Amino acid sequence: MNFTQYTPFHRPESLFIVNEELAGEQDLRGVNMVMSFSGFSDAGHVVTQISKELKEQLTNAPLAIFDVDQLIDYRSRRPRITFAEDHLTDYKAPSLMLYRMVDALGTPFLYLQGSEPDLQWERFSAAVLSLVERFDVNLVAWIHSVPMAVPHTRPIGATVHGNRPDLIEGISAWKSTVELPAAIGHVLEYKLVEAGRNVVGYAIHVPHYLADAEYPPAAVAGLEFLGAAASLMLPSERLRESGRAVERQITEQVEGSSEVAAVVSNLEQKYDEHTEGSARRSLLADENDELPDADELGAAVEAYLASRDTGQQGLGSADIS
């Protein structure tokens, strides 16, 4: 044992079990992986909304199940249960699974989703890395969301990080160096980079005054980032519809309060001053920052996949300042 660097004492592979029949399918070799974890920063409930859409809208099957009893501290993060008049129901047990999923274009990919581990981060990271290596994952893309002093009337931004310049350059609105509490996603990204694996992470910017409520437009943006990075057609139509209703409610609230309107106007001014003269790449928005409908999105993704097949790089560019 190397006493200068910690490694888990117990085998990382004993943290999970694999559906070996499903794992034997050849179309899983070299696929991309998406990751999202609950329990860290989920401003606007972005991670919650994305995980719900992926699991409800796409064909999926559990590929690996993690032993949450070794990873979760139940007393610090108590699961929810419902008391219904005279009996208990709807126990929401924590879970952490790796799914095999198929996108709208029939492309298989892996999705690691569930509760962020409270314990054994080093061992869990080694376990995830072993799965990445077993299936020779091409790219890992993960997502979370953070509250930001930005207005809801401007394009939703993201802070992007990882080791793929073609997926990072020109996307981040703000760049800085800061020490922050780590999430398991950060640790996994760090370990994947050390192992020479392709990885990219997206922190979606949610207006701070909307951080405690569900904000579907931010979840749509997150799906677009993940889809474009991992070459996947991910479902967003239900969230787009919900987002339009939420935007109408926000507009009514802003118009009904001069104080709220002043706050939003101040944020708009600061945002515009910060982004003046800086053109940032969008993923799929047009020159007017209009989000495409389902047909346009499908055509855009197919065109993007075709461009990658011909050896072109990049995600396309658009001015979203």
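On a predicted model such as this, the values are computed, not experimentally measured, just so you know. Only this structure's heavy atoms are used, side chains among them; waters, hydrogens and symmetry mates stay out.
- Contact annotation: the side chain of Pro217 approaches that of Ile156 to within less than 4.5 Å [non-hydrogen atoms, C-beta and beyond].
- Asn198 contributes a side-chain N or O that, together with a main-chain N or O of Asn138, makes up a donor-acceptor pair within less than 3.5 Å.
- Considering every non-hydrogen atom in both Ala127 and Phe66, the closest pair reads CB-CE2, 4.1 Å.
- A side-chain donor-acceptor contact under 3.5 Å links Ser14 to the backbone of Arg11.
- No more than 12 heavy atoms of other residues, nucleotides or ligands lie within 6.0 Å of NE2 in His10, so this atom counts as exposed by the packing criterion.
- Side-chain contact check for Glu237 versus Gln57: every heavy-atom pair is 4.5 Å or farther apart.
- A donor-acceptor pair shorter than 3.5 Å cannot be found between the side chains of Ser36 and His144.
- Of all heavy-atom pairs spanning Tyr215 and Ile250, the tightest one is CE1-CD1, 3.9 Å.
- Of the inter-residue distances, the one linking Arg80 atom CZ with Lys92 atom NZ reads 8.5 Å to the nearest 0.5 angstrom.
- A donor-acceptor pair under 3.5 Å links the side-chain atoms of Ser125 to the main chain of Trp121, judged by distance alone.
- Asp103 places a side-chain N or O within donor-acceptor distance of the main-chain N or O of Met233, the cut-off being under 3.5 Å.
- Qualifying side chain to side chain donor-acceptor pair (under 3.5 Å) partners for Arg197, counting only residues two or more places apart in sequence or in other chains: Asp136.
- Under the 3.5 Å distance criterion, the side-chain polar atoms of Ser265 are left unmatched by any main-chain donor or acceptor of Ala262.
- Across every non-hydrogen atom of Thr89 and Ile81, the tightest pair is O-CG1, 3.5 Å.
- Here the closest non-hydrogen pair linking Val146 and Ala43 is C-CB, 3.6 Å.
- In this structure, Trp142 is a member of the same hydrophobic cluster as Leu98, with clusters built from ILVMFWY side-chain heavy atoms closer than 4.5 Å.
- At distances below 3.5 Å, not a single donor-acceptor pair connects side-chain atoms of Glu53 with backbone N or O atoms of Gln49.
- Residue Ile204 comes nearest to Gly222 through the heavy atom pair CD1-CA, 3.8 Å, listed as atom of the first residue, atom of the second, then distance.
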*Tell me, with the steps shown, if Arg100 and Asp27 meet salt bridge (Lys or Arg N to Asp or Glu O under 4.0 Å).*
CA-CA 10 Å; Arg100 177 194 185 274; Asp27 65 358; 2.6 Å; yes
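- No donor-acceptor contact under 3.5 angstrom links the side chains of Asn32 and Ser231, judged on distance only.
- At distances below 3.5 Å, not a single donor-acceptor pair connects side-chain atoms of Tyr271 with backbone N or O atoms of Thr153.
- Listed here is the closest heavy atom pair of Tyr74 and Pro94: CE2-CG, 3.6 Å.
- For Glu116 (side chain) and Ile184 (main-chain N/O), a donor-acceptor pair under 3.5 Å exists by modelled atom type.
- Glu273 and Gln269 are linked by a side-chain donor-acceptor pair at a separation below 3.5 angstrom, with hydrogens and angles left out of the test.
- A distance-only check finds no donor-acceptor pair linking the side chain of Asp67 to the backbone of Phe16 [under 3.5 Å].
- When side chains are defined from C-beta on, Leu54 does not count as touching Ser51, because their heavy atoms never get closer than 4.5 Å.
- Asn60 places a side-chain N or O within 3.5 Å of a backbone atom of Leu58 that can act as its donor or acceptor partner.
- Using bins of under 30°, 30° to 60° and over 60° for the plane-to-plane angle, the ring pair His186/His161 lands in the tilted bin.
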